[in-house]
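What you see below is based on every heavy atom in this structure, not just the backbone, and it leaves out hydrogens, waters and symmetry mates. Position 1 is the first residue of the sequence; numbering continues from there.
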Amino acid sequence: MERNNANPQDLPMAVEANQEGLQSNEDLHLVLVLRLPSFNLPVNDILRPHFHLLDPADSPEPASSFLSNHAQSVRALICVGYAPVTAETLNLLPSLELIVASSAGVDHIDIQECRRRGIIMTNASTAFAEDAADYAVALLIDVWRRISAADRFLHAGLWPVKGDYPLASKLRGKRVGIVGLGSIGFEVSKRLEAFGCSIAYNSRMEKPSVPFPYYANVLDLAAHSDALVLCCSLTEQTRHIINKDVMTALGKKGVIINVGRGGLIDEKELVQFLLRGDIGGAGLDVFENEPDVPRELFELDNVVLSPHRAVATPESFEAVFQLIFTNLKAFFSNKPLQSVYQIE
């Protein structure tokens with residue numbers, strides 16, 4: 001989930017609390033909430049009628065002491081936003097079986113420790129998929145059709161001075177490589193197919209049910225693409241998956257769109273490629289050191305920038321709250337979970 005301070009009154013409630021006949025806390029399943037103090041989302045307000053919530057951020061007690069004293073029997077944890085879930089934190093939770101992440105990316109969670117412990121993780125990729133895909137396609141259209149640059153051209157009063165704005169490029173017929181064909185990547189493919197683009201993909205494994213060509217490595221995908229759209233998670237294996245060699249293979253007219261994580265791209269190399277004209281353009285919603293963005297990018301008309309807002313809509317937040325609630329209810333009822341993150 002994106003960094004956002006949302007007021008419960010501003011968002012539709014995903015789960016309406018029944019105020020009559022509510023169980024006492026002693027009768028409710030215990031759920032730990034981990035969040036950064038800067039996050040003020042109405043998850044607790046929505047879930048509190050249904051679960052006994054433990055929130056260290058509401059306690060004056062140090063977090064480690066709070067977990068040691070109150071969370072030894074906790075089986076389920078909600079990770080709100082990008083609150084880090086480290087091995088040290090997990091060691092304080094000996095009974096933990098489930099982490100429900102409110103974000104699509106899980107690079108703030110110690111995945112290897114979860115694997116070692118057999119802890120199941122769910123993320124919010126299914127809830128965010130449509131909005132993230134819309135945003136990725138919007139960035140791609142903006143870069144290829146130069147909409148934002150044309151807007152600046154017009155606002156600067158340059159049309160009467162310099163004449164017609166330069167031609168841009170169409171989408172139909174373009175080859176688009178999707179890096180990460182999960183929930184978000186698949187929604188991107190559906191939208192771009194409708195524009196007449198040719199789709200190929202790279203993912204952790206080939207998907208037999210998908211009709212698109214599969215490339216086992218991103219370098220080959222780049223060599224056969226006019227644009228790359230990054231939708232995958234950030235892991236040790238995918239950090240800087242878009243490097244100098246991949247950008248070279250993509251070529252001088254190639255475009256990179258990133259709605260995944262900033263660390264997927266070697267950002268310093270990307271800046272140099274853009275400054276030299278060795279790549280055609282980029283649409284970036286995420287960056288390596290947020291909120292710091294390389295200032296060199298601000299002056300480039302072939303770059304469209306966005307402050308990590310791809311999934312930030314009231315509708316997506318409502319869907320996330322509903323998904324969190326559904327997964328907690330399913331877990332404590334021994335029913336199948338939704339949007340399970342595959343830990344490899």
Side-chain angles (χ1 to χ4, degrees), residues 105 107 135-153 165-171 173-180 185 188 192 197-202 215-308 310:
D107 47 294
Y135 215 83
V137 173
L139 287 172
L140 185 60
I141 293 172
D142 197 337
V143 174
W144 266 335
R145 296 305 308 268
R146 305 183 69 176
I147 298 171
S148 291
D151 177 75
R152 291 191 293 272
F153 179 86
Y165 190 73
L167 295 177
S169 184
K170 69 184 296 180
L171 272 72
K174 291 292 195 300
R175 303 168 303 164
V176 179
I178 299 175
V179 182
V188 170
L192 290 177
C197 295
S198 175
I199 307 298
Y201 74 100
N202 164 267
Y215 289 87
N217 66 75
V218 176
L219 186 64
D220 289 341
L221 179 66
H224 293 86
S225 299
D226 299 305
L228 294 178
V229 180
L230 312 185
C231 306
C232 62
S233 299
L234 178 62
T235 66
E236 292 179 4
Q237 291 73 34
T238 61
R239 182 173 296 279
H240 286 188
I241 193 171
I242 306 302
N243 55 26
K244 180 179 180 180
D245 292 339
V246 171
M247 293 180 224
T248 300
L250 188 59
K252 288 182 176 294
K253 294 184 178 180
V255 169
I256 294 174
I257 304 297
N258 192 3
V259 294
R261 283 288 185 269
L264 297 172
I265 302 176
D266 185 337
E267 195 168 84
K268 291 181 179 179
E269 282 289 351
L270 176 62
V271 169
Q272 294 307 309
F273 265 70
L274 288 164
L275 291 174
R276 295 195 305 262
D278 288 339
I279 198 169
L284 307 173
D285 181 55
V286 287
F287 306 89
E288 279 207 84
N289 299 298
E290 296 177 2
D292 296 328
V293 178
R295 299 193 63 82
E296 299 95 327
L297 299 178
F298 295 164
E299 304 302 321
L300 299 177
D301 276 343
N302 59 341
V303 176
V304 179
L305 305 174
S306 168
H308 206 150

Where do L140 and L192 land on the side-chain contact (heavy atoms from CB on, under 4.5 Å) test, with the steps shown first?
-> CA-CA 10 Å; L140 185 60; L192 290 177; 3.9 Å; yes
Donor-acceptor contact present, side-chain N302 to main-chain G280, <3.5 Å | yes
Do you know which two heavy atoms are closest between L221 and A200, and how far apart they sit?
-> CD1-CB, 3.7 Å
Would you name the heavy atoms of L250 and V255 that are closest together and state the gap between them?
-> CD2-O, 3.7 Å
Working to the nearest 0.5 Å, report the span between CG of L297 and CZ of R295.
-> 10.5 Å
Starting at OH of Y165, measure out to CZ of R146 and round the result to the nearest 0.5 Å.
-> 3.5 Å
Are L171 and I141 close enough, and set up right, to give a side-chain contact (heavy atoms from CB on, under 4.5 Å), and what steps lead you there?
-> CA-CA 7 Å; L171 272 72; I141 293 172; 3.6 Å; yes
Tell me, do L270 and I242 make a side-chain contact under 4.5 Å, heavy atoms counted?
-> no
Sequence neighbours excluded, which residues qualify as side chain to side chain contact (heavy atoms under 4.5 Å, CB included) partners of E267?
-> F287, E288, P294
Near R239 CZ, under 6.0 Å, is it more than 12 heavy atoms from other residues, nucleotides or ligands?
-> no
Please assess I256 against M247 for the test side-chain contact (heavy atoms from CB on, under 4.5 Å), listing each intermediate value before the final yes or no.
-> CA-CA 9 Å; I256 294 174; M247 293 180 224; 4.1 Å; yes
Any salt bridge between D266 and K244, counting N to O under 4.0 Å?
-> no
To the nearest 0.5 Å, tell me how far I178 CD1 sits from S225 OG.
-> 9.5 Å
Say you draw a straight line from CG of L275 to CD of E296; how long is it, rounded to the nearest 0.5 Å?
-> 6.0 Å
Under a 4.5 Å cut-off applied to non-hydrogen side-chain atoms, are L228 and V246 in contact?
-> yes
Grab the two heavy atoms, one from I257 and one from A136, that are nearest each other, plus how far apart they are.
-> CG2-O, 3.7 Å
Apply side-chain contact (heavy atoms from CB on, under 4.5 Å) to F153 and D301, showing your working.
-> CA-CA 10 Å; F153 179 86; D301 276 343; over 6 Å; no
Could you pull out the closest heavy-atom pair between V143 and A282, with the gap in Å?
-> CG2-O, 3.4 Å
Work out which heavy atom in N202 is nearest to a heavy atom in A216; give both atom names and the distance.
-> ND2-O, 3.2 Å
Donor-acceptor under 3.5 Å (D220 side chain, A223 main chain) | no
Residue pairs passing the side chain to side chain donor-acceptor pair (under 3.5 Å) test with at least one member in residues 272-284, sequence neighbours excluded, are K252-D278, R276-D278
How long is the gap from OG on S169 to CZ on R145, to the nearest 0.5 Å?
-> 8.0 Å
D285 side chain vs A310 backbone, donor-acceptor pair below 3.5 Å = yes
Validation row: L284, I265 side chains within 4.5 angstrom (heavy atoms) | yes
Nearest heavy-atom contact between G180 and C232 is CA-CB, 3.9 Å
Between the main-chain N or O of R175 and the side-chain N or O of D226, is there a donor-acceptor pair closer than 3.5 Å?
-> yes
Atom CG in N243, atom CG in L264: separation rounded to 0.5 Å?
-> 12.0 Å
